[in-house]
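Have a look at the structure below before the remarks.
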Amino acid sequence: MKKLLQQHEFVVTIVFFLVVILIGAINPAFFSIGNIFSLLKSMIIRGILALGVLIVIISGNVDISFTAISAFAMYTTSKIMLALFPEGGLLLAFAIGGLIGLLLGSINASFVAGMKLPALIVSLGTSSAIRGFMLAFIGVKIINNLPASLIAYSRSYIAKFTDASGKIVTLPSAIIMLIAVTIIVWFILRYTMLGRGVYALGGDPVSTERAGFNIKAIQYFIYCFMGFLSGIAGVLHSVFMRNANPFDIVGTELIVIASVVLGGASITGGKGTVYGTLLGVAFTVLIENSLIIIGVPSYWQKVVIGLIIVVSTAASALREKFAKLEIS
Amino acid sequence: MKRRILLGMLLAMMVVGLVSAQTATTASKKFTIATVVKVDGIAWFDRMREGVVKFGKDTGNTTFLLGPAKADAAEQVKIIEGLIAQKVDAICVVPFSPEALEPVLKKARDAGIIVISHEATNQQNIDYDIEAFVNEEYGAHMMDNLAKFMNYEGEYANFVGSLTSKSHNQWMDGAEARQKEKYPKMKLVSRRNEEYDDQNIAYQKTKELLTKYPNLKGILGSASTTAPGAGLAVEEAGLQNKVSVVGTSLVSSSGQYLKSGAVKMIFFWDPADAGYVMNKMALTLLTGGKITDGMNLGVKGYEKIKRDPQNPKVFYGQAWVDVTPANMNQYNF
């Protein structure tokens with residue numbers, strides 16, 4: 001039991017369900033299928049980004065440029081699709097978005113792996129450069145006439161109900177993408193040499209190199225994969241919003257990183273799980289999207305979100321400290 | 001090489017400036033009126049340029065619109081400095097930061113240049129300021145329309161971009177006061193939700209509101225992002241016939257929801273008209289005329305401008321534009 005309690009994910013799971021029960025007790029409408037579908041939908045984009053961030057954080061680094069990459073890929077993909085393939089399909093859009101993200105991610109990779117610079121500093125620069133380049137050379141106008149294939153995808157669902165009040169609730173098909181990314185990341189981290197390398201890199205880079213891992217290759221993979229996921233998430237964002245606004249997405253990086261840390265990933269590297277990350281994402285989405293339901297007035301919503309992030313991250317940091325004390 | 005091209009361009013600009021200043025003085029009764037906006041290249045001010053250019057064509061004067069590449073007070077100051085040096089006859093300005101422009105506008109007026117501002121009721125160094133409408137009246141107007149769609153009864157919620165955004169909160173002050181006074185059967189169940197000018201947040205919060213208040217019948221938005229965000233949530237829920245979304249927005253962002261019926265009506269003021277009347281006021285003063293209470297500036301919504309009782313430099317129109325699916329095709333921004 002004590003061992004179980006020391007596991008971060010277990011504690012967060014319990015707190016998560018306590019909060020769920022509390023919110024549900026205040027307003028039973030929380031448990032409606034509509035609300036649960038809505039929460040799941042909100043988890044999709046944040047979840048995909050968070051799984052990429054998880055890998056970066058496990059490797060002992062922090063990347064904050066992923067939202068800029070995401071916005072860039074979203075906006076540029078929409079422009080390319082409209083100009084060249086207005087009738088183009090969904091797969092093409094995601095392929096273009098993913099490729100753009102991957103290329104931008106490789107810029108980060110070349111700095112981090114090639115010049116051995118800390119990713120936080122590199123990504124501070126690249127995020128501003130990528131965003132600036134987009135606004136200066138690609139455009140600032142919101143695109144409201146997305147290709148038909150994307151609009152159609154925004155309407156597609158895998159489950160649909162009509163509730164008592166006549167409200168239609170759907171679970172978007174895009175949830176499959178989150179599931180797919182989850183499985184891929186889980187598989188990589190758990191069953192491949194690459195995944196072992198990522199953990200090892202976060203634990204101790206020098207030993208990792210001596211153990212025969214190709215650190216450069218691992219880092220190239222990490223940042224290109226992060227870029228790829230950002231691109232996919234960006235295109236999904238335009239699907240959900242049915243427009244491409246170049247000013248969107250950027251600004252959400254902190255809540256994504258907070259979700260990952262909340263889920264037990266250690267900011268110093270070497271630690272973190274897919275389950276914890278998804279739980280962290282569910283937690284932040286739950287808090288952000290339940291304040292109206294439990295009746296917190298607008299004036300207080302930001303305060304509550306801020307407090308919860310501080311308390312939860314502080315709690316996990318403190319627990320780590322105590323755990324170390326106990327061992328020594 | 002590059003430097004030489006740049007130098008050449010600068011020289012050319014100076015020559016053009018001199019020549020245009022010269023023509024302005026030699027040919028009598030031909031004036032040069034410059035309009036300076038917050039930022040150039042966005043749809044809103046592109047539309048304003050149409051009004052400014054039209055005024056030039058209508059009256060035979062030289063009119064043009066300038067703005068910095070990014071919204072920045074210092075850049076605006078530089079542009080106005082340039083215009084003073086060029087000796088334009090009048091400057092119309094939409095300030096990014098009214099306080100930051102005071103010194104340069106004083107300089108302009110000292111040089112005998114007429115200065116007209118827009119969206120800046122607290123600007124000091126101006127001849128006059130023209131506003132599209134009194135904010136509270138605009139809010140009340142939006143409420144009248146929401147009430148009509150809701151059949152004058154039921155629960156509604158309202159949004160602001162941010163609780164610190166002055167104009168949004170004045171609109172909602174006016175709207176809430178009107179509802180209390182004239183529509184007692186309506187009930188505000190969720191007050192001033194913030195959406196930070198972000199369509200995604202408007203969408204999320206609307207979904208939550210629909211969950212919490214199953215009898216919700218109306219949503220009133222302030223920022224241009226509320227109507228499309230709330231419209232998307234309503235459309236996804238298939239509640240177009242039950243929930244009415246209205247609010248400030250633009251056809252470019254809300255058009256698809258107007259068409260689908262998820263947004264019933266949007267409101268804005270036409271920047272082309274605002275540009276036109278600023279120039280008109282400037283020309284009136286240049287030709288020795290006066291700006292008076294109740295004056296007709298010859299543009300719809302500005303037929304009877306009202307002077308602010310507290311500040312004699314400020315005038316208001318009633319220039320809101322109502323957009324429904326029937327007339328949405330007239331607006332390309």
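Every chain is numbered from 1, with letters handed out A, B, ... down the list of sequences.
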Discussion item. Applying the side-chain hydrogen bond (donor to acceptor under 3.5 Å, both in side chains) criterion to N135(B), which one of K166(B), H168(B), Q170(B) satisfies it?
Written reply: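 It is Q170(B), the one option of K166(B), H168(B), Q170(B) that forms the side-chain hydrogen bond (donor to acceptor under 3.5 Å, both in side chains) with N135(B).
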
Item to complete: Sort out for me which residue in R191(B), R192(B), E176(B) forms a side-chain hydrogen bond (donor to acceptor under 3.5 Å, both in side chains) with N158(B).
Response: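 Only match with N158(B) under side-chain hydrogen bond (donor to acceptor under 3.5 Å, both in side chains): E176(B).
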
Worksheet item: chain B contacts: which residues in residues 20-35 of chain A have a non-hydrogen atom closer than 4.5 Å to it?
Response: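 Residues N27(A), A29(A), S32(A), N35(A) are the ones that qualify, each having a heavy atom under 4.5 Å from chain B.
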
Item to complete: Report, by ascending residue number, the residues of residues 232-245 of chain A in heavy-atom contact with chain B at a distance under 4.5 Å; give 'none' if the set is empty.
Response: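 Those residues of residues 232-245 of chain A which have a heavy atom under 4.5 Å from chain B are H237(A), F240(A), M241(A), R242(A), N243(A).
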
Are any side-chain N or O atoms of [X] and backbone N or O atoms of [Y], one a donor and one an acceptor, separated by less than 3.5 Å?
X	Y	value
E195(B)	F159(B)	no
Q76(B)	G67(B)	no
E253(A)	T67(A)	no

Return the option, out of [options], with the maximum number of heavy-atom pairs under 4.5 Å with chain A.
options	value
A237(B), G238(B), G255(B)	A237(B)
N215(B), V234(B), D198(B), L163(B)	L163(B)
E236(B), K212(B), E208(B)	E208(B)

Non-hydrogen atoms of chain B under 4.5 Å away: do they reach the side chain of [X], the backbone, both or neither?
X	value
K141(A)	side chain
I294(A)	backbone
I142(A)	neither

Item to complete: Select one option (side chain, backbone, both, neither) describing which atoms of Q256(B) are under 4.5 Å from chain A's heavy atoms.
Response: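 The side chain, not the backbone.
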
Discussion item. Heavy-atom count check: over 12 atoms from other residues, nucleotides or ligands less than 6.0 Å from N332(B) CG?
Written reply: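 Yes - once you tally the heavy atoms of other residues, nucleotides and ligands closer than 6.0 Å, there are more than 12.
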
Discussion item. Using a 6.0 Å cut-off, check whether atom CZ of F64(B) has over 12 heavy atoms from anything other than its own residue.
Written reply: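 More than 12 heavy atoms, drawn from other residues, nucleotides or ligands, come within 6.0 Å of this atom.
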
Discussion item. Among I130(A), I100(A), L49(A), exactly one meets side chain to side chain contact (heavy atoms under 4.5 Å, CB included) together with I69(A). Which residue is that?
Written reply: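 Testing I69(A) for a side chain to side chain contact (heavy atoms under 4.5 Å, CB included) against I130(A), I100(A), L49(A) leaves exactly one candidate, I130(A).
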
Worksheet item: Taking the side chain as C-beta and beyond, is there a heavy-atom pair between F45(B) and P271(B) under 4.5 Å?
Response: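 With C-beta onward as the side chain, the pair stays apart.
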
Discussion item. Are the side chains of V246(B) and L220(B) in contact, using a 4.5 Å heavy-atom criterion?
Written reply: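 Side-chain contact under 4.5 Å: yes.
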
Worksheet item: Does one side chain, of Y257(B) or S249(B), offer a donor that lies under 3.5 Å from an acceptor on the other?
Response: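 There is no such pair (donor and acceptor under 3.5 Å, judged by atom type) between the side chains of Y257(B) and S249(B).
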
Worksheet item: Hey, are S259(A) and T284(A) close enough side-chain-wise for a donor-acceptor pair under 3.5 Å?
Response: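 Judged by distance alone, the side chains do pair up.
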
Worksheet item: Highest number of heavy-atom pairs under 4.5 Å with chain B: which of S290(A), G295(A), G166(A)?
Response: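 Ranked by contacts with chain B, first place is S290(A).
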
Item to complete: Please determine, among N145(A), L291(A), N144(A), D163(A), the option with the most heavy-atom pairs under 4.5 Å with chain B.
Response: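 That would be N144(A).
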
Worksheet item: Using the benzene-type ring in the case of Trp, are the ring centres of Y331(B) and F268(B) under 6.0 Å apart?
Response: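 Centroid separation for Y331(B) and F268(B): below 6.0 Å.
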
